[in-house]
Amino acid sequence: MRDDDLFLAGSLPAPLRQDRIVSIVEGAPGLVRTAALAAALGTSEVTVRQDLATLGQEARIRRVRGGAVRLGAGSGERPLEETAVEHQVAKAAIGRAAADLVRSGQCVVLDVGTTPAAVASALVAREDLTDVTVVTNSLTTALALEPAVPRFTVVVTGGTLRPLQHSLVAPFMGAVLPAIAADLAFISGTGLDVEHGLTNVNLPETEAKRMLAATAGRTVVVADGSKFGRAHRGRVRPLEDIDVVVTAGVTADAVAPIRAAGVEVVVADGGHDDEAPRKDRTA
């Protein structure tokens with residue numbers, strides 16, 4: 001029986017099936033989901049998960065939550081599903097503290113990323129909030145906000161889809177944002193330090209973050225402690241243009257330089273930065 005016949009019959013031997021998985025994953029621009037692999041191979045998701053475990057141990061692919069990505073993918077950017085399982089307690093605390101900054105009747109912007117997604121979940125849980133408009137370039141975040149409709153109006157920016165983050169970026173993203181005058185923008189990144197401010201590993205995402213922040217009267221950076229003291233290639237926002245940093249899982253030594261630069265810091269799992277100097281801002 002030929003390999004193609006075995007494939008059509010859903011009975012490829014494990015080594016051949018795993019070779020096909022590697023080929024599919026290496027040819028994809030980002031995350032390949034377990035369900036998609038199962039459909040492509042004519043086998044069960046259980047079998048694919050077993051294959052992914054083997055391939056991950058052999059360092060032929062990188063197994064992540066929900067599927068797999070190729071080894072050494074891109075510029076160091078990691079799939080949303082992979083980062084979602086990291087620092088979950090800190091991100092949940094950040095989400096709640098950030099959501100506490102929102103008032104009924106406001107318009108807020110939510111960036112793409114797992115920490116802004118935690119803000120979205122916390123906003124949905126706040127049943128006291130009404131007439132809130134949320135603008136996002138994240139398909140994942142938009143779906144997470146759906147249970148709050150019609151209390152919330154959810155606006156998706158439009159743009160070009162990026163598979164790794166399920167985000168929308170230029171071109172065409174700028175068609176919606178100039179019409180938005182938001183109260184707050186919740187922006188994330190992969191690095192935060194005094195010299196470079198908020199930075200990000202991916203340049204198209206960096207541009208989108210800058211555009212989102214520019215729509216709002218106040219910029220709130222949401223970042224767990226692992227982002228402090230790091231700088232990456234794309235500069236999103238200098239410290240002087242950041243109004244508040246909401247964080248958790250961070251050391252006092254890491255926070256101190258940000259506070260010393262005059263930025264308000266809310267440590268979600270350890271209190272509020274009541275002593276930091278406040279910037280005079282106009283919305």
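Starting from 1, each residue takes its place in the sequence as its number.
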Apply side chain to side chain contact (heavy atoms under 4.5 Å, CB included) to residues Thr157 and Leu212 and explain how you reach the verdict. CA-CA 10 Å; Thr157 62; Leu212 290 166; 4.3 Å; yes
Please walk me through it: do Val135 and Thr215 pass side chain to side chain contact (heavy atoms under 4.5 Å, CB included)? CA-CA 10 Å; Val135 181; Thr215 67; over 6 Å; no
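Judged by distance alone, the side chain of Thr247 and the main-chain N or O of Ala223 form a donor-acceptor pair under 3.5 Å. Using modelled atom types, no side-chain atom of Ser104 and backbone atom of Asp131 make a donor-acceptor pair closer than 3.5 Å. Judged by distance alone, with hydrogens and angles left aside, the side-chain atoms of Arg151 form a donor-acceptor pair with the main-chain N or O of Val124 at under 3.5 Å. Side chain of Arg126 to main chain of Ala99: a donor-acceptor pair is present (N/O by atom type, distance under 3.5 Å, no hydrogens or angles). The closest donor-acceptor contact from the side chain of Thr54 to the backbone of Gln50 lies under 3.5 Å. When atom types are taken as modelled, the side chain of Ser138 and the backbone of Val112 share no donor-acceptor pair closer than 3.5 angstrom. The main-chain N or O of Arg235 is found under 3.5 Å from a side-chain atom of Arg210 such that the two form a donor-acceptor pair. Put simply, the side chain of Arg237 never gets that close to the backbone of Gly197: no donor and acceptor are under 3.5 Å apart.
Atom CZ of Arg218 and atom CD of Glu264 lie 6.0 Å apart (nearest 0.5 Å). Taken from CG in Asn200 to OG1 in Thr190, the straight-line distance is 4.5 Å, to the nearest 0.5 Å. Separating the OG1 atom in Thr206 from the CG atom in Leu198 is a distance of 8.5 Å, to the nearest 0.5 Å. Here the NZ-OG1 distance, from Lys227 to Thr199, works out to 11.0 Å after rounding to the nearest 0.5 Å.
Contacts classified as salt bridge (charged side-chain N to carboxylate O under 4.0 Å, His left out) and involving residues 102-120 (residues at least two apart or in different chains) are given here: Asp111-Lys209.
When all heavy atoms of Ala68 and Ile61 are compared, the pair lying nearest together is CB-CD1, 3.9 Å. Closest approach of Leu129 to Val102, counting heavy atoms only: CD2-O, 3.7 Å. Shown here for Ala231 and His196, the closest heavy-atom pair between the two residues is CB-ND1, 3.4 Å. For the pair Ala268 and Ala93, the tightest heavy-atom approach, listed with the atom from each and the gap, is CB-O, 3.4 Å. Of all heavy-atom pairs between Leu184 and Leu101, the closest is CD1-O, 3.6 Å. In terms of heavy-atom proximity, Val246 sits nearest to Ala98 at CG1-N, 4.2 Å.
The closest side-chain heavy-atom distance from Phe228 to Val245 is below 4.5 Å. Val22 has its side chain within reach of Leu55: a pair of non-hydrogen atoms, C-beta onward, lies under 4.5 Å apart. Looking at Leu37 and Leu52, their side chains come closer than 4.5 Å, going by heavy atoms from C-beta outward. The closest side-chain heavy-atom distance from Leu123 to Leu110 is below 4.5 Å. Val132 is not listed as a side-chain neighbour of Gln106, based on a closest heavy-atom distance of 4.5 Å or more. Inter-residue side-chain proximity for Leu161 and Leu139 is flagged as met; some heavy-atom pair is nearer than 4.5 Å.
Cluster partners of Val46 are absent, since no Ile, Leu, Val, Met, Phe, Trp or Tyr has side-chain heavy atoms less than 4.5 Å from it.
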Just list the side-chain donor-acceptor pairs under 3.5 Å for residues 167-183, sequence neighbours left out, or say none.
unit_1: Ser167; atom_1: OG; unit_2: Glu205; atom_2: OE2; d: 2.4
unit_1: Asp183; atom_1: OD2; unit_2: Cys107; atom_2: N; d: 2.8

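A salt bridge between Asp51 and Arg63 is absent, with no side-chain N of the basic residue lying under 4.0 Å from a carboxylate O of the acidic one.
Remark: the Asp224 side chain and the Ser226 side chain contain an N/O donor-acceptor pair separated by less than 3.5 Å.
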